[in-house]
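So that the names make sense, note that chain A is the first sequence line, chain B the second, and so on, each numbered from 1. This is a predicted model, so every value here is computed, not measured.
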Amino acid sequence: MITIKIHPLMFFKYLYSFLFVAIIPIGRNIVSLVTHKEYERLLNLETAAMVFVVVFSAIKKRYLKIIIKNGKLYIKEGVFLRRETVVDTKKILAVCYTVNPIQAAFSAVRVTFKYQDSRERSFIIYKNETRKLNSALSLYKTPNFSTLGAKRTILFAAATSSAAVGLLLAAPAVNRAGKLLGAPIAEKFLGTINQTAQALSALISPLASVVSLIFLCAYLLSFINNLFKSVFMRTGASRDNIFISSGILPRKILLIKRGIIGCIAVESNPLLRVFSRWQVRFSVPDNKNSQLGGAVFMPSVKKGEAKKFLASYFWFSPERELKAPHGSAFRFIRWYIFSVGLIFPITFLLVLFFSDFSEFFMFLAVVFSAVLLYAVNLGFYNYKNGALQFFRNRLLAKSVKHFKRREVLFYSAHISMLKIRRYPTDIRGGTCILTVCLQSKTGESAKVKFINYKKAKEYIGKLWEG
Amino acid sequence: MIKITLSLKGLALFRARAILAEVLVLSGLVALGANFVVFLTVLTATIIVAVFFCVFYFPKYIKSFKIQIFSQYISVEYGVFIKTEKIMPLFNIVSVNTIKTPLSSVFSLRAVAICALKNRIYIPSLSKTSIETLKKGLKVE
């Protein structure tokens, strides 16, 4: 029998749910007691509620027990209403350890179990208990570890960063910091950007440089955030499990059983394409967007390595293949060419009516044209390489999605839906657009364009047989 | 294989909905105090749209629905100009929801949503017997 020791921080985890209703009001009252000597403000219903919550959380933590016995995980909890959850350790499909700065200071680890029915439970345990837990759950048998080097870490962080995420991170942080410090931080930041834009005005229009600098700063922030998350990344795979650990603070360790993997994507975004690199990512069928929903397993590797990984660990042999017919390249790029054609008259009209912003509109036209020309290039790639391959109980979709070149291997048991769409041109040409959707809330999907409709139907009919 | 078609009463239901929508738009205009020219323009436009949908689009849309239940999956095909076919494996179906509105109950029809995680197949108007057949085919009963 193995007993996993619960860390005292679990008490604060219980307390956290009462933070806004009990803890903060009482904290405010204590401050007023210290500053204004108002003793009577502490003797009220809020204090009584807080005392109850604190005592109840302490007792709840005291009575929480995690025991592993005879291949079963027992979670015993509750004070007045005793509850015991028994889970077969074979049915624990993934375990995730995360350590934030506070937990790191107190040698604590947050552990999340994912059960077979997609339910998840989290606890805070002592750091030295993790090894005991892993050996008891037989999840740590991962002999071949590979550590990510500095160059690959930087490339991985850069490839997974985006200006949109940076803006989402920066906007509330700048706003809150400004309110807390009582200083106009946002105004100062924009002022600095404005000054830089004025300095660059000889090269580029001030408005365009302001927009570019804001996006660049947001991207940099996202990059730094991702660098902290991905530094010291280690991955490993055994016959049954996959192991991924990354980040300093927070550090995340993910142990996952291969059996639950719903799809494996080998993909390359524009930045990775510059360095001829790909990344291998897997998704897990899930009914919520949890931290156990999927992860990048091989960041920034050569395509050969990614293919080797697929071949050695997820062995399969091709049976049938569907590709777009020869001579249909124009169908892949027609909308992009049409859009490029539209940009020039629209820019001309905008410059004509808003002549004060002409340089900015010209800048936007150049940016959009560059993006669309890249999309045309991807359209050609999709025509040449796009395919749908049917295997025994598996399906490989080679396509392009969100400027990423992708090869996604779906396990037929985890396919939620296949969507076939035929536009009038497809009906005439006997082709269709097929979308494969994973059984997951993350919405993982792959779309293969202009494949033979009749053959697709025939092969789909055999997909779930046996 | 089980084949299910949409009830012809569905056509009447769709037409009733179109007329109701038109009446709602026009009464909204009256309530907002639109002048006669605007009212007449909107009336003509809505009548043209309603006639297009009631005479041309809805009959074709109802006819286009092909529901087939195979041993391993369900396939639902529909669409007039753009043909869409949704194929869902039976073992991944999470729930089958039946939806009844006051207007659809007049025609003794129900809408059915077959749900898997993240995705669903929506069938707009089925009779009670068709729903029974569908549930039997999907093995949810």
Side-chain angles (χ1 to χ4, degrees), chain A residues 117-118 260 262-263 283-290 293-294 388 390 393 395 410-445 447 451 453-454 456-466, chain B residues 1-6 52-53 56-57 59-97 111-124 134-140:
Chain A
D117 56 358
S118 286
I260 61 161
C263 79
S283 293
V284 170
D286 207 347
N287 59 4
K288 53 186 171 186
N289 295 324
S290 70
L388 187 70
F390 291 81
N393 300 328
L395 210 146
F410 289 92
Y411 287 78
S412 61
H414 299 307
I415 291 173
S416 163
M417 193 163 80
L418 294 171
K419 200 192 287 180
I420 299 172
R421 188 154 281 182
R422 286 185 298 150
Y423 292 92
T425 46
D426 291 309
I427 296 166
R428 279 198 298 275
T431 58
C432 67
I433 299 166
L434 194 140
T435 311
V436 189
C437 307
L438 181 72
Q439 187 195 19
S440 166
K441 279 270 176 185
T442 53
E444 183 68 67
S445 66
K447 192 188 276 184
I451 52 172
Y453 172 65
K454 276 187 182 171
K457 285 271 287 177
E458 185 193 328
Y459 297 162
I460 287 165
K462 292 171 187 169
L463 189 64
W464 289 292
E465 274 177 9
Chain B
M1 186 185 72
I2 302 167
K3 272 188 183 179
I4 299 166
T5 48
L6 251 61
F52 166 76
F53 274 95
F56 176 73
Y57 188 80
K60 286 207 167 190
Y61 182 69
I62 297 282
K63 266 188 191 175
S64 74
F65 258 90
K66 281 176 196 161
I67 305 158
Q68 289 171 308
I69 305 169
F70 297 89
S71 60
Q72 297 293 324
Y73 62 91
I74 177 171
S75 155
V76 177
E77 192 182 343
Y78 61 91
V80 180
F81 304 112
I82 300 163
K83 300 271 180 200
T84 306
E85 191 172 343
K86 289 180 175 179
I87 297 162
M88 193 179 270
L90 299 187
F91 50 82
N92 278 340
I93 291 172
V94 176
S95 64
V96 179
N97 306 331
V112 175
I114 304 161
C115 306
L117 278 180
K118 187 81 182 174
N119 296 295
R120 70 175 200 161
I121 297 175
Y122 183 79
I123 305 164
L134 184 80
K135 282 183 175 174
K136 221 176 188 178
L138 298 177
K139 293 158 194 161
V140 289

- [ ] Measure A:I433 against the heavy atoms of chain B and call it side chain, backbone, both or neither at under 4.5 Å.
- [x] neither
Task: Heavy atoms from other residues, nucleotides or ligands near NZ of A:K447 exceed 12 (cutoff 6.0 Å) - done: no
- [ ] Evaluate the ring planes of A:W464 and B:F91, with Trp represented by its six-membered ring, and classify them as parallel (under 30°), tilted (30 to 60°) or perpendicular (over 60°).
- [x] perpendicular
Task: Gap between atom CG of B:N119 and atom OG of A:S445 - 0.5 Å precision - done: 8.5 Å
Open item on the list: Less than 4.5 Å apart, side chain to side chain, heavy atoms only: is that true for B:E85 and A:C432?
Closed with: no
Open item on the list: Applying a heavy-atom distance below 4.5 Å, give me the residues of residues 413-423 of chain A that approach chain B, sorted by number.
Closed with: A:A413, A:H414, A:I415, A:S416, A:M417, A:L418, A:K419, A:I420, A:R421, A:R422, A:Y423
Task: Value rounded to 0.5 Å, distance of CG in A:D426 from NZ in B:K83 - done: 13.0 Å
Task: Contact class of A:S412 relative to chain B, heavy atoms under 4.5 angstrom - done: backbone
Task: Contact leader toward chain A among B:F70, B:Y73, B:F81, where contacts are heavy-atom pairs under 4.5 Å - done: B:Y73
Open item on the list: Is B:S71 in contact with chain A via its backbone, its side chain, both, or neither, using a 4.5 Å heavy-atom distance?
Closed with: neither
